[in-house]
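Following: one structure in structure tokens, then a few remarks.
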Protein chains: 2
Amino acid sequence: MAATIRDVARLAGVSPSTVSRALSVPGMVNAATRARVAAAVEQLGYEPNRAARGLITGRTGTIGLVVPDLANPFFASVTKGVQARARRHDVAVFVADTDEDPAAEAGLVRALSKQVDGVVLCSPRASDDELAAIAQDTTVVLVNRNAAGLPGITYDNEDGMRQAVAHLVALGHRRIAWVGGPATSWSTLHRGVGLRNAVEALHAELAPVGNFAPTYEGGMAAADQVVATGATAVVAYNDLVAIGLLARLHSRGISVPGELSVVGVDDIAMSRMARPALTTVRLPKQETGRLAVELLLALLDDPEAAQIAGSQEPLHGELIVRESSGPAPQK
Amino acid sequence: MAATIRDVARLAGVSPSTVSRALSVPGMVNAATRARVAAAVEQLGYEPNRAARGLITGRTGTIGLVVPDLANPFFASVTKGVQARARRHDVAVFVADTDEDPAAEAGLVRALSKQVDGVVLCSPRASDDELAAIAQDTTVVLVNRNAAGLPGITYDNEDGMRQAVAHLVALGHRRIAWVGGPATSWSTLHRGVGLRNAVEALHAELAPVGNFAPTYEGGMAAADQVVATGATAVVAYNDLVAIGLLARLHSRGISVPGELSVVGVDDIAMSRMARPALTTVRLPKQETGRLAVELLLALLDDPEAAQIAGSQEPLHGELIVRESSGPAPQK
DNA sequence: TTGAAAGCGCTAACAA
DNA sequence: TTGTTAGCGCTTTCAA
């Protein structure tokens, strides 16, 4: 059986309250006593029971992380970041995968909310109302979107798209296709806006081909429509979609970047390994997770900080140029 | 503030213990009372406080999952499986990523073990002794290896390798290279043995090229040595390595499968997307996670079941033939 | 600076 | 079948 605070107290010759104080408010206890307690703790290998502590403090020392799909490399990276940073703060992470089912989300968060101090929520598709309802239950930090005044870590999608378009226009492309992700996705919306602004500013034109699943299959499905637009370059919702495009274009014998340049978003590991290697807007995925944790913990310590949280700067993407983009074909 | 068991008791006009019983041992309480309790629970949206319950039962309703790298698609899938099955049992999952650092593992598990009922441990490289030490602290289920009599979910690596070799030999290959993973990895060991047995049985020969990191980079690094063996086919430790091989072979202008056939292990999503698409031994990754959870929970319910657990059948892989393997070149 | 006492929310004897 | 009582391990008043 693990040692309890009473065992430590007995061994150190003090009361349990003193042990408790020595551990959590060291300043309030005499240095000599503190040393005796420390020795006893060491000797017994004592670790405070978190459940018992939580019962009294109301804090569990645990946060939740809800993602649509752990097998999606983007979310895997975010999870990695969350998990690493949480550990630094000695906070445990409950992970829940919604299997891309936004309906499951609310229930999941509700169940989770009883057991955690707060939740990092990656929920690209939930409506603002749903998110607001969830935020009633527990402290929430959104990732990859911002909604209804909830604190969140976001990307400057507009700037990322501007970089992509600037690159393509410099290569001589004038007509750029855009394969959007799910219609309800916050990123689809903002990337679309960013592209429209960028093409306008650079006197190019945009050819949106609609909304597709944010997957390899989505890219396969979109490819023929992209070709039909007559565009010489295409920006895909994310790398998975871009890699799907690459596959279908290859099987149709359309050369990339010879006839069509392809640009993705995310820079997942797979993108470097694609053939041709994918030009993409790299998003700081792990950093996103780390910041989300910092923000959440700050919020828990001081709910008033929500104001500051609201005004967080979005993270910037960085264009990574690889082989899938090249000069526009001469007509 | 959330409703407590006393609130429910008051509303239902019974004692807290009755509420407790109605919830956890319904059989022991009168149907009518049970209904009143249920109504009160419903009305107040009552959810038992798990920390308080855990304090008394000694069970936290939480399990830990330790993996080397969440960004590795193999472990991401296992995690997905663990997480899905745990939820079904209303058990929460703490996830910890060791960042491929076996040294960090023991400490991590120790820290975790105070907060969970048991741990699913993916630890390809830890020594048997380390694992045994960890198992002192808490109930452990190993994934992807078995060691020191600890219960674990394993693969029949020998059979997987037999399938791969049978396929290659049928295509006319006689000399098959083998790119091993980390030297201390359980899978490296068993896949190596399986390959040796299989080539012997089929009168082919094996050309091992040594141990490499289980990554894309590892594959890139191994490629030239593979070519130097003069083999017409190569089996890689896993798909990541195989994809690295593909990349380097491509840049050296060596045609796959024309001059060299490549086979991986795992069947991660990326493999289908590789070019040429990768022939591989598909491992049931999510199933692995699910079984690990079932086994762990069974063990927790009845530690004696460890006997049964020890005799678990290994999971079988299944050869998926894609474009990266073809007939051996004619000399 | 320290200790005694109370109690967080729940379950598990033990009685009734 | 139900209620009473005690207590899980900890923190936090309150007094000393």
Side-chain angles (χ1 to χ4, degrees), chain A residues 1-41 44-62 90 92 111 113-117 300-301, chain B residues 1-41 44-62 90 92 111 113-117 300-301:
Chain A
M1 208 45 203
T4 77
I5 202 171
R6 310 184 64 125
D7 300 326
V8 176
R10 203 170 311 128
L11 185 59
V14 296
S15 78
S17 6
T18 301
V19 175
S20 173
R21 277 188 287 257
L23 262 35
S24 42
V25 220
M28 275 180 65
V29 51
N30 188 306
T33 328
R34 205 190 311 151
R36 289 222 310 290
V37 170
V41 164
L44 296 172
Y46 170 73
E47 284 268 3
N49 178 320
R50 297 205 182 206
R53 175 182 286 175
L55 205 49
I56 236 169
T57 60
R59 290 275 291 258
T60 59
T62 299
D90 202 24
S113 69
K114 310 285 178 182
Q115 304 179 59
V116 301
D117 297 330
L300 291 171
D301 276 348
Chain B
M1 209 40 206
T4 77
I5 202 171
R6 312 183 64 126
D7 299 327
V8 176
R10 203 171 309 127
L11 183 60
V14 297
S15 79
S17 10
T18 302
V19 175
S20 173
R21 276 188 288 258
L23 263 34
S24 42
V25 219
M28 276 180 63
V29 55
N30 187 305
T33 331
R34 207 191 310 152
R36 290 223 309 290
V37 170
V41 165
L44 296 172
Y46 170 74
E47 284 269 3
N49 177 320
R50 299 207 181 204
R53 176 182 285 174
L55 205 49
I56 226 165
T57 60
R59 290 276 291 258
T60 59
T62 299
D90 202 25
S113 69
K114 310 285 179 183
Q115 304 179 59
V116 301
D117 297 331
L300 291 171
D301 276 348

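Quick caveat, the model's predicted, so the values are computed rather than measured. The sequence lines fix the lettering, A, B, ..., with proteins before strands; numbering per chain opens at 1.
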Check side-chain contact (heavy atoms from CB on, under 4.5 Å) between [X] and all other residues, then give those that pass, not counting sequence neighbours.
{"X": "Leu55(A)", "result": "Asn49(B), Ala52(B), Leu55(B)"}
{"X": "Ser113(A)", "result": "Asp137(A), Thr138(A)"}
{"X": "Leu11(A)", "result": "Ala40(A), Gln43(A), Leu44(A)"}
{"X": "Ile56(A)", "result": "none"}

**Message:** For Thr4(A), give me all partners under side chain to side chain donor-acceptor pair (under 3.5 Å), at least two apart in sequence or on another chain.
**Reply:** none

**Prompt:** So does Arg6(B) have more than 12 non-hydrogen atoms from other groups sitting under 6.0 Å from CZ?
**Reply:** no

**Asked** Are Leu23(B) and Val41(B) side-chain neighbours, meaning at least one heavy-atom pair lies under 4.5 Å?
**Response** yes

**Prompt:** If you take all heavy atoms of Gly61(B) and Asp117(B), which pair is closest and at what distance?
**Reply:** N-OD2, 2.9 Å

Listed pairs, N/O of protein and of nucleotides 1-5 of chain C, under 3.5 Å:
residue : atom : partner  : partner atom : Å
dT2(C)  : OP1  : Thr33(A) : OG1          : 2.3
dT2(C)  : OP2  : Asn30(A) : N            : 2.9
dG3(C)  : OP2  : Ser15(A) : N            : 2.9
dG3(C)  : OP2  : Ser15(A) : OG           : 3.1
dG3(C)  : OP2  : Thr18(A) : OG1          : 2.5
dG3(C)  : N7   : Arg21(A) : NH2          : 2.7
dG3(C)  : O6   : Arg21(A) : NH1          : 3.2
dA4(C)  : N6   : Ser17(A) : OG           : 3.1

**Fill in**
Contacts satisfying side chain to side chain donor-acceptor pair (under 3.5 Å) that involve residues 24-37 of chain B (not counting sequence neighbours) are none

Whole-Å distance between [N] [atom2] and [X] [atom1]?
{"X": "Gln115(A)", "N": "dG9(C)", "atom1": "CD", "atom2": "C1'", "value": "15 Å"}
{"X": "Arg50(B)", "N": "dC10(C)", "atom1": "CZ", "atom2": "C1'", "value": "14 Å"}
{"X": "Asp7(B)", "N": "dC8(C)", "atom1": "CG", "atom2": "P", "value": "11 Å"}

**Request:** Identify the 5'-most and 3'-most nucleotides of DNA chain D with at least one atom closer than 4.0 Å to a non-hydrogen atom of chain A.
**Result:** dG9(D) to dT13(D)

**Item:** Gap between atom CG of Leu300(B) and atom CZ of Arg59(B) - 0.5 Å precision
**Value:** 5.0 Å

**Qualifying salt bridge (charged side-chain N to carboxylate O under 4.0 Å, His left out) pairs, either residue in residues 46-58 of chain A, two or more places apart** = Arg50(A)-Asp90(A)

**Complete:** Residue pairs passing the salt bridge (charged side-chain N to carboxylate O under 4.0 Å, His left out) test with at least one member in residues 8-23 of chain B, sequence neighbours excluded, are Asp7(B)-Arg10(B)

**Fill in**
Rounded to 10°, the helix from dT1(C)-dA16(D) to dA16(C)-dT1(D) deviates from straight, judged by its five-pair end axes, by 40°

**Item:** Within residues 53-61 of chain A: residues closer than 4.0 Å to DNA chain C (heavy atoms)
**Value:** Leu55(A), Ile56(A)

**Request:** Using distance alone, with no hydrogens and no angle criterion, decide if Ser20(B) and Ser17(B) have a side-chain donor and acceptor under 3.5 Å apart.
**Result:** no

